[in-house]
Amino acid sequence: MALSETDTATGNQNSFVYVVAALAALNGLLFGFDTGVISGAMLYIKDTFDITMLFGQSIHPSLVEGVIVSGAMVGAIVGAALGGRLADRIGRRRLILVGAVVFFVGSLIMAIAPNTEILIVGRILDGVGVGFASVVGPLYISEIAPPKIRGSLVALNQLTITSGILIAYIVNYAFSSGGEWRWMLGLGMVPAAILFVGMLFMPESPRWLYEQGYKETARDVLSRIRTEDQIDAELREITETIQSETGGLRDLFQPWIVPMLVVGSGLAIFQQVTGINAVMYYAPRILESTGFGDTNSILATVAIGVVNVIMTAVAVALIDRTGRRPLLLTGLTGMTAMLGIAGLVYYLPGLSGGLGVLATGSLMLYVAFFAIGLGPAFWLLISEIYPMEVRGIAMGVVTVLNWAANLLVSLTFLRLVDVIGQSGTFWLYGILSLVALVFCYRLVPETKGRSLEEIEADLRNTSIGSDSSATDRTDAVQTDD
Ligand code: BGC
């Protein structure tokens with residue numbers, strides 16, 4: 001059957017939207033690569049540099065190692081803190097370009113670093129780039145995407161985060177025989193360069209343009225990503241939301257926005273304190289204790305990376321159909337159960353053979369449940385639940401919390417294992433997953449299928465600050481199409 005003119009037009013707009021979103025999702029690749037690469041590189045950096053000295057002072061090597069590893073997270077906290085504001089000020093597209101350059105320079109510095117101090121500078125810069133990328137990637141995609149496929153398009157960013165982690169694991173494996181850590185870290189320049197060059201050809205977010213007063217340019221951009229009749233409706237909606245806003249930082253603390261700050265902050269913290277990065281950063285170490293040898297635990301880590309990517313792809317396919325809440329709640333239920341089982345397996349004596357397999361299996365399923373729910377849902381929801389005028393700042397604030405919680409988990413994991421044991425640590429993360437489940441069930445709204453302006457209008461109209469439960473708000477933003 002021949003396509004009508006409108007069908008063809010919609011098809012063209014949609015394919016361009018996919019191109020823009022896929023390219024912007026490379027922000028996630030920088031993020032994921034940076035997360036996955038350091039554990040492999042660190043093994044060999046120790047052979048090149050004397051890590052018992054820093055700035056001429058003798059320092060405990062594990063502290064120096066900690067600074068190198070967590071330097072990127074400190075950078076990311078700074079990047080996310082500045083990134084939200086910058087995204088509002090200089091625009092989404094320009095910030096993506098700046099982020100790519102910063103990440104590129106950071107990776108280059110690490111690759112050629114003559115000593116530990118310069119390596120740390122490169123690592124922090126890399127982190128700043130990742131901090132920018134983690135705020136602006138989802139933000140930009142959510143503003144470009146049509147409501148019906150916004151969930152999948154923003155979740156693409158999580159798909160590239162997980163792909164970045166997997167690629168880094170593979171790169172680590174490939175360069176491990178020669179111990180070539182400079183190559184491991186330097187390869188980050190490749191995705192950064194592709195992101196930079198690609199973004200030069202991509203448009204600015206029409207919502208940002210319109211709010212800045214570039215109305216004609218906003219219309220031009222929309223004409224490339226929407227059909228004619230959609231453009232007018234969307235511009236009308238954008239105008240209405242902009243007119244009904246008072247402007248300024250104070251907006252963030254208006255009574256009707258505060259509950260969404262609570263939701264975003266809660267999601268940000270729970271996404272980390274339920275332990276995902278203990279597994280991402282320390283998987284080989286955790287798996288070694290189940291009787292795997294060195295090589296096998298690295299391979300099992302790669303397998304965890306693969307599960308993470310595959311289940312994130314499943315979430316991308318489902319999230320606009322099922323909605324955000326069902327995936328989030330299912331994911332958290334599964335994470336709680338798997339952490340309970342993993343804790344139990346580590347509690348039993350003689351962790352090898354069948355129990356070793358059970359331990360590995362429960363960790364893989366734990367990652368699978370994270371990948372289908374909390375992983376993508378966090379980044380998606382925070383790009384949806386804030387009103388236009390404070391969207392950048394609000395996302396910046398909750399992203400800072402996410403990175404801070406990430407830093408906290410990675411700094412405390414090994415110590416926790418010392419103090420309360422491996423099983424106690426898993427159970428602790430399990431209890432926190434259960435708390436997260438209750439939190440999400442009570443407070444997280446459904447945003448499926450609504451335009452960002454509709455979500456905003458619905459939240460504004462729901463009496464907030466009263467004891468309206470999440471279910472009221474959920475209804476308020478529930479799709480009916
Ligand atoms: C989290 C990261 C984590 C990754 C794992 C992301 O959504 O923010 O901290 O490493 O998922 O897939």
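For the single chain, residues carry numbers from 1 onward in sequence order. We use all heavy atoms of the structure for the numbers below, so side chains are in, but hydrogens, waters and symmetry mates are not. Both counts, for ligands and for their atoms, begin at 1 and track the order of listing.
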Where does ligand 1 get N/O contacts under 3.5 Å from the protein, atom by atom?
| unit_1 | atom_1 | unit_2 | atom_2 | d |
| --- | --- | --- | --- | --- |
| ligand 1 | 7 (O) | Gln158 | OE1 | 2.7 |
| ligand 1 | 7 (O) | Gln158 | NE2 | 3.2 |
| ligand 1 | 7 (O) | Gln271 | NE2 | 2.8 |
| ligand 1 | 7 (O) | Trp379 | NE1 | 3.0 |
| ligand 1 | 8 (O) | Gln271 | OE1 | 2.9 |
| ligand 1 | 8 (O) | Trp379 | NE1 | 3.3 |
| ligand 1 | 9 (O) | Gln272 | NE2 | 2.9 |
| ligand 1 | 9 (O) | Asn277 | ND2 | 2.8 |
| ligand 1 | 10 (O) | Asn277 | OD1 | 2.6 |
| ligand 1 | 11 (O) | Gln158 | NE2 | 3.1 |
| ligand 1 | 12 (O) | Asn308 | ND2 | 3.0 |

**Message:** For Phe369, give me all partners under ring pair (Phe, Tyr, Trp, His ring centres under 6.0 Å), at least two apart in sequence or on another chain.
**Reply:**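 Phe369 satisfies ring pair (Phe, Tyr, Trp, His ring centres under 6.0 Å) with no residue once adjacent residues are dropped.
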**Item:** Qualifying residue for salt bridge (Lys or Arg N to Asp or Glu O under 4.0 Å) with Glu384, from Arg450, Lys448, Arg391, Arg150
**Value:** Arg150
Side-chain polar contacts of residues 97-111 - donor-acceptor pairs under 3.5 angstrom, sequence neighbours left out - could you list them?
| unit_1 | atom_1 | unit_2 | atom_2 | d |
| --- | --- | --- | --- | --- |
| Ser107 | OG | Phe103 | O | 3.0 |
| Ser107 | OG | Asp126 | OD1 | 3.1 |

**Item:** Flag if over 12 foreign heavy atoms under 6.0 Å of CZ, Arg182
**Value:**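 Yes, enclosed.
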**Request:** Tell me, please, which residues at least two apart from Leu261 pass side chain to side chain contact (heavy atoms under 4.5 Å, CB included).
**Result:**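 Only Leu252, Phe253, Tyr386 meet the side chain to side chain contact (heavy atoms under 4.5 Å, CB included) criterion with Leu261.
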**Prompt:** Within 45° of the axis and under 6.0 Å from the centre of the six-membered ring of Phe378, does NZ or CZ of Arg324 qualify?
**Reply:**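 Because its charged atom misses either the 6.0 Å distance or the 45° angle limit, Arg324 does not stack over Phe378.
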